[in-house]
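First the structure, in the form of C-alpha cells, and then the observations on it.
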Amino acid sequence: MRMGAAWDRLSTAAGGVGLAVFAVAAFTPAAAPLDRWMASAPDAGQADAVVVLGADVDPHGRLPEDSLRRAVEAVALYHQGRAPLVLMLGSRNGAASEAESRARLAQGLGVPASALLTEPRGLTTAVEAQRSAELLLGRGARRILLVTGEHRVWRARRLFERAGFEVLAAPVREGAPTSNLPGERLSTIGGLLQELAARALSWLRGDV
C-alpha cells in the first residue's frame with residue numbers, strides 16, 4: 001500500500017510539473033531567451049555556391065513556409081551576387097521532390113537553370129553535407145553560403161565543415177518566440193527543443 005501511495009503522489013507531482021511547463025510555454029514568452037541563445041547571425045562575404053538545406057514538401061510538390069523561406073533567401077543571395085551557383089537540397093515525399101520544387105521556384109524568380117543544382121537524396125543534415133561535397137568540391141566550390149533555420153546553423157555548420165567546406169552562415173528566421181498566440185509559442189519551443197536534442201545526438205555520435 002505504501003508503494004502504491006508513493007507512486008500515486010509521484011504521478012500527481014509529475015502531472016503538475018507537466019501542466020506547469022505547458023502553461024509557461026504556451027502563455028508566456030519563455031521561448032524568447034532560448035531563441036536568442038540558439039540563433040546564429042549571418043556572415044558577410046562572397047562564396048562559390050549557396051547551399052539550401054532541406055525542410056519539407058507535401059506529396060503534391062508544395063513547399064511549406066519554412067522550406068519556402070529558405071528557397072527565397074537563396075534566390076535573394078544569388079541576385080545580390082553573393083554566389084554564382086545555388087544547390088537546392090530536399091528529399092522526396094512520394095513522387096514530389098523538395099529540391100526540384102525549389103529549383104522550379106528559383107527559375108520562376110529569375111535564377112537560370114545553368115546556375116541551379118538539385119540533390120533530393122539527403123534525409124539528414126549529415127547526409128546532405130556528404131551529398132553536397134560530392135557535387136560541389138569537384139567543381140572547386142568550397143566556400144558556401146549555408147541557408148537553413150537560424151537555430152540549426154550551429155549544428156549544420158559543423159557537419160559541412162567536416163565534409164570539407166568553408167561555411168558562411170545565411171540563417172533564415174523560423175518560429176515566433178514572442179508571439180501572443182499559445183499555439184505558435186508551443187510550436188516554437190517544440191522546434192527549439194527538437195534542435196537541442198539533435199545537437200546532443202550529433203555530439204554523442206561524434207558528428208560535431
Side-chain angles (χ1 to χ4, degrees), residues 38-58 61-93 95-175 195 198 202 207-208:
M38 293 180 63
S40 295
D43 293 322
Q46 302 295 116
D48 303 312
V50 181
V51 177
V52 192
L53 295 195
D56 198 7
V57 67
D58 76 11
R62 291 187 291 261
L63 301 172
E65 183 178 356
D66 286 349
S67 181
L68 189 61
R69 285 185 183 180
R70 296 182 192 184
V72 170
E73 176 67 12
V75 171
L77 292 168
Y78 174 83
H79 285 307
Q80 290 164 16
R82 299 281 303 278
L85 186 66
V86 178
L87 171 57
M88 296 291 192
L89 302 171
S91 59
R92 295 187 179 277
N93 184 351
S97 160
E98 181 184 13
E100 291 163 7
S101 294
R102 286 170 159 181
R104 287 193 295 271
L105 172 68
Q107 288 184 64
L109 294 174
V111 180
S114 59
L116 286 164
L117 296 172
T118 60
E119 173 50 75
R121 294 174 295 170
L123 295 176
T124 67
T125 306
V127 174
E128 287 183 323
Q130 295 165 8
R131 299 295 190 191
S132 298
E134 293 168 5
L135 281 170
L136 295 177
L137 294 180
R139 299 168 180 258
R142 180 175 175 275
R143 195 175 203 226
I144 61 170
L145 281 157
L146 189 61
V147 180
T148 188
E150 61 184 349
H151 308 113
R152 305 177 194 277
V153 170
W154 183 90
R155 179 169 55 92
R157 181 197 292 273
R158 282 151 181 80
L159 291 168
F160 274 76
E161 287 173 345
R162 283 174 63 100
F165 291 104
E166 179 185 351
V167 176
L168 300 178
V172 175
R173 184 69 174 156
E174 293 179 352
E195 176 58 22
S202 293
D207 293 336
V208 298

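All heavy atoms count here, side chains included; hydrogens, waters and symmetry mates do not.
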A side-chain contact here means heavy atoms from C-beta on lying under 4.5 Å apart; do [X] and [Y] qualify?
X      : Y      : value
Thr125 : Leu53  : yes
Trp154 : Arg158 : yes
Pro171 : Thr148 : no
Glu100 : Met88  : no
Leu136 : Arg142 : no
Glu98  : Leu63  : yes
Gln107 : Leu116 : yes
Ile144 : Val167 : yes

Working to the nearest 0.5 angstrom, can you tell me the gap between [X] [atom1] and [Y] [atom2]?
X      : Y      : atom1 : atom2 : value
Arg62  : Ser101 : CZ    : OG    : 10.5 Å
Ser97  : Arg102 : OG    : CZ    : 9.5 Å
Glu166 : Glu161 : CD    : CD    : 8.5 Å
Phe165 : Leu159 : CZ    : CG    : 12.0 Å
Asp56  : Asn93  : CG    : CG    : 6.5 Å
Leu145 : Glu73  : CG    : CD    : 9.0 Å

List the atom of [X], the atom of [Y], and the distance in Å for their closest heavy-atom pair.
X      : Y      : value
Asp48  : Ala141 : CB-CA, 3.5 Å
Ala169 : Ala41  : CB-O, 3.8 Å
His151 : Arg173 : NE2-NH1, 4.4 Å
Gly122 : Val127 : CA-CG1, 3.7 Å
Arg143 : Gln46  : NH1-O, 2.6 Å
Ala47  : Leu168 : CB-CD1, 4.4 Å

Q.
For a side chain to side chain contact (heavy atoms under 4.5 Å, CB included) check, start with the C-alpha distance between Val50 and Arg82, then their side-chain angles and the critical distance, and finish with the verdict.
A. CA-CA 8 Å; Val50 181; Arg82 299 281 303 278; 5.7 Å; no
Q) Ala115: what forms a side-chain contact (heavy atoms from CB on, under 4.5 Å) with it, not counting sequence neighbours? A) Tyr78, Val111, Pro112
Q: For Leu135 and Leu87, run side chain to side chain contact (heavy atoms under 4.5 Å, CB included): C-alpha distance rounded to whole Å, both residues' side-chain angles, the deciding distance at 0.1 Å, then the answer.
A: CA-CA 9 Å; Leu135 281 170; Leu87 171 57; 3.8 Å; yes
Q: Before accepting this row, confirm whether a basic side-chain N of the pair Glu150/Arg152 lies closer than 4.0 Å to the acidic partner's carboxylate O.
A: no
Q. Are any of the side-chain nitrogens in Asp43 or Arg157 under 4.0 Å away from the carboxylate oxygens of its partner?
A.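 Looking at Asp43 and Arg157, the cut-off is met.
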Q: Check the pair Glu128, Arg131 against salt bridge (charged side-chain N to carboxylate O under 4.0 Å, His left out), reporting the backbone distance first and the verdict last.
A: CA-CA 5 Å; Glu128 287 183 323; Arg131 299 295 190 191; over 6 Å; no
Q: In sequence, state the C-alpha distance, the side-chain angles, and the governing distance for Leu117 and Arg139, and then conclude on side chain to side chain contact (heavy atoms under 4.5 Å, CB included).
A: CA-CA 12 Å; Leu117 296 172; Arg139 299 168 180 258; 3.5 Å; yes
Q. Could you walk me through whether Arg70 and Ser67 pass the side chain to side chain donor-acceptor pair (under 3.5 Å) check?
A. CA-CA 5 Å; Arg70 296 182 192 184; Ser67 181; over 6 Å; no
